[in-house]
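All remarks here apply to the structure that follows.
Naming: A, B, ... by sequence-line order, numbering from 1 per chain.
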There are 2 protein chains.
Amino acid sequence: MAGSEPPPPLSPALTRNQGLVLDLLRTVGEPLGAYAILDRLRSQGLRAPAQVYRALDRLAALGLVHRLETRNAFVACTRGAHPPQVTVFVLCDRCGAARELADDGHTAALAALARRAGFQVLGGRIELRGLCGRCGRMAASESPDDEDPGP
Amino acid sequence: MAGSEPPPPLSPALTRNQGLVLDLLRTVGEPLGAYAILDRLRSQGLRAPAQVYRALDRLAALGLVHRLETRNAFVACTRGAHPPQVTVFVLCDRCGAARELADDGHTAALAALARRAGFQVLGGRIELRGLCGRCGRMAASESPDDEDPGP
DNA sequence: GGCGGAACCGTTATATTATAACATAACATT
DNA sequence: AATGTTATGTTATAATATAACGGTTCCGCC
């Protein structure tokens, strides 16, 4: 139909839906559930969960997004290409932020530990929960109560 | 065998529903979803998901069962009392078995790593997926195909 | 011996997350 | 053009999890 070609944001080798989902996650920077993604992409024409899940499956297989199992949410990878699963996530209980850290060899060491028990490791990602720096300081200094992080 | 020796099952301080769920998980030995637990306890009078989830919440808080985030399933703890989360799970993709291993200090080391990034760790459990010894051998020797573990 | 509170219980209803299944469209390769 | 492959759009449904309500039991206590 109309000559509508959105060239700038989309990453190459990705289909339209995959590009939309990846762009959104990169822009937002924090974890989003599949239905939150869907809601934000309705204006771009997405209508059904399956469309989002399919795009997420592909992006995850490419290592461009990671699934956070403890939150049932998805986040764009913030480290360049990295060998499969050499990454640790830390997730803030208070503000929901997710941060991806280099795992410093722990995943490999854990795989070796498992192997000693006769188990062959094929995957797995480490997710730790707690408080990010900002929320930790607020919780410690202000008082032992619960508030949203301010502006 | 029968006699009158029920020493392993019911833990003290548990309510009826909690005891039923814990016994079931201990007997089965492998991870079960909440609805699978419910189905197997209908004969004991349980009827609604909330009953199972409540029992599981309490048992998890006591450290008697663990939740496997990557499977949305629950498994009885196989190691005696242990400090919070000093445990690694390895989960077999093929037969579904779960095994709990001592973490050899990795969780603590990871917490230290996170702390260096300004993050205060409050919890988290490591789950690795792959093949257990038995399934790994079958996959390697027999052929590169997919069968259920024998009877 | 009756009164509050706490913890658990059972139940219904609903929210949230994820897949199945199927027909169509787009595109590259023959 | 016929074909195979991949992605798409759509509907329906499965699987997992929680909210909300009222009732019961038990325990401490005055």
Nearest whole Å is fine: how far is [N] [atom2] from [X] [atom1]?
X     : N      : atom1 : atom2 : value
B:Y53 : C:dT16 : OH    : P     : 15 Å
B:L32 : D:dA17 : CG    : P     : 13 Å
B:N72 : D:dT18 : CG    : P     : 10 Å
B:D57 : C:dA7  : CG    : P     : 15 Å
B:L20 : C:dC8  : CG    : P     : 15 Å
B:L59 : C:dC8  : CG    : C1'   : 14 Å

- Item | Summary of salt bridge (charged side-chain N to carboxylate O under 4.0 Å, His left out) pairs that have at least one residue in residues 51-61 of chain B, sequence neighbours excluded | none
- Under the salt bridge (charged side-chain N to carboxylate O under 4.0 Å, His left out) rule, what pairs show up with a residue in residues 41-50 of chain A, not counting sequence neighbours? A:D39-A:R42
- Please step through side chain to side chain contact (heavy atoms under 4.5 Å, CB included) for the pair B:L59 and B:V21, ending with a clear verdict. CA-CA 9 Å; B:L59 291 169; B:V21 170; 3.9 Å; yes
- Query: Which residues satisfy the ring pair (Phe, Tyr, Trp, His ring centres under 6.0 Å) test with B:F89, sequence neighbours excluded?
  - Reply: B:H66
- Tell me, which pairs form a ring pair (Phe, Tyr, Trp, His ring centres under 6.0 Å) where one or both residues lie in residues 95-129 of chain B, sequence neighbours left out? A:H106-B:H106
- Task: List for me each residue that meets side-chain hydrogen bond (donor to acceptor under 3.5 Å, both in side chains) alongside B:T78, sequence neighbours excluded, and say none if there are none.
- Result: B:E100
- Message: Walk along nucleotides 7-13 of chain D from 5' to 3' and tag each nucleotide B, S or - by protein heavy-atom contact under 4.0 Å, base first, then sugar-phosphate.
- Response: SBBBB--
